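First the structure, in the form of structure tokens, and then the observations on it.
Just so we're clear, the structure is a prediction, and the values are computed from it rather than from any experiment.
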Amino acid sequence: MSGPRDENGERRGPDPQVLLALFAAGVVALNFPMLIVWDSDWRPFGLPLLPLALFGIWAALIAAVAIVSERRR
């Protein structure tokens, strides 16, 4: 597979399979059947749970992509 290479000729960047798996996890986590779990009257810190869950899942996906992208072999 072609792509960016470092000075030793090894491929740089995250594995495409890992990025695809994170994408699939994001689609599943942010899809309707899973979001209905977070639709509740419970209000942690006085904030609605659904938006907190959305932003938490979103932040976790961004962090996971950042960790995978910065990982060195």
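The distance from the CG atom of L54 to the CG atom of L49 is 9.5 Å, given to the nearest 0.5 Å. From L20, atom CG reaches atom CG of D15 across 11.5 Å, with rounding to the nearest 0.5 Å. Rounded to the nearest 0.5 Å, atoms CG (L19) and CG (L22) are 6.5 Å apart. Rounding to the nearest 0.5 angstrom, the gap separating the CG atom in D39 from the CZ atom in F32 is 8.5 Å. Separation of atoms CG (L47) and CZ (F55) is listed at 11.0 Å; rounding is to 0.5 Å.
Cluster annotation: W42 is not connected to V37 through the hydrophobic network of ILVMFWY side chains, with a link wherever side-chain heavy atoms come within less than 4.5 Å.
Minimum interatomic distance between M34 and A29 (heavy atoms only, all atoms of both residues): CB-O, 3.8 Å.
Side chains of L35 and P33 form no contact here, defined as non-hydrogen atoms less than 4.5 Å apart. No side-chain heavy atom of L52 sits under 4.5 Å from any side-chain heavy atom of W38.
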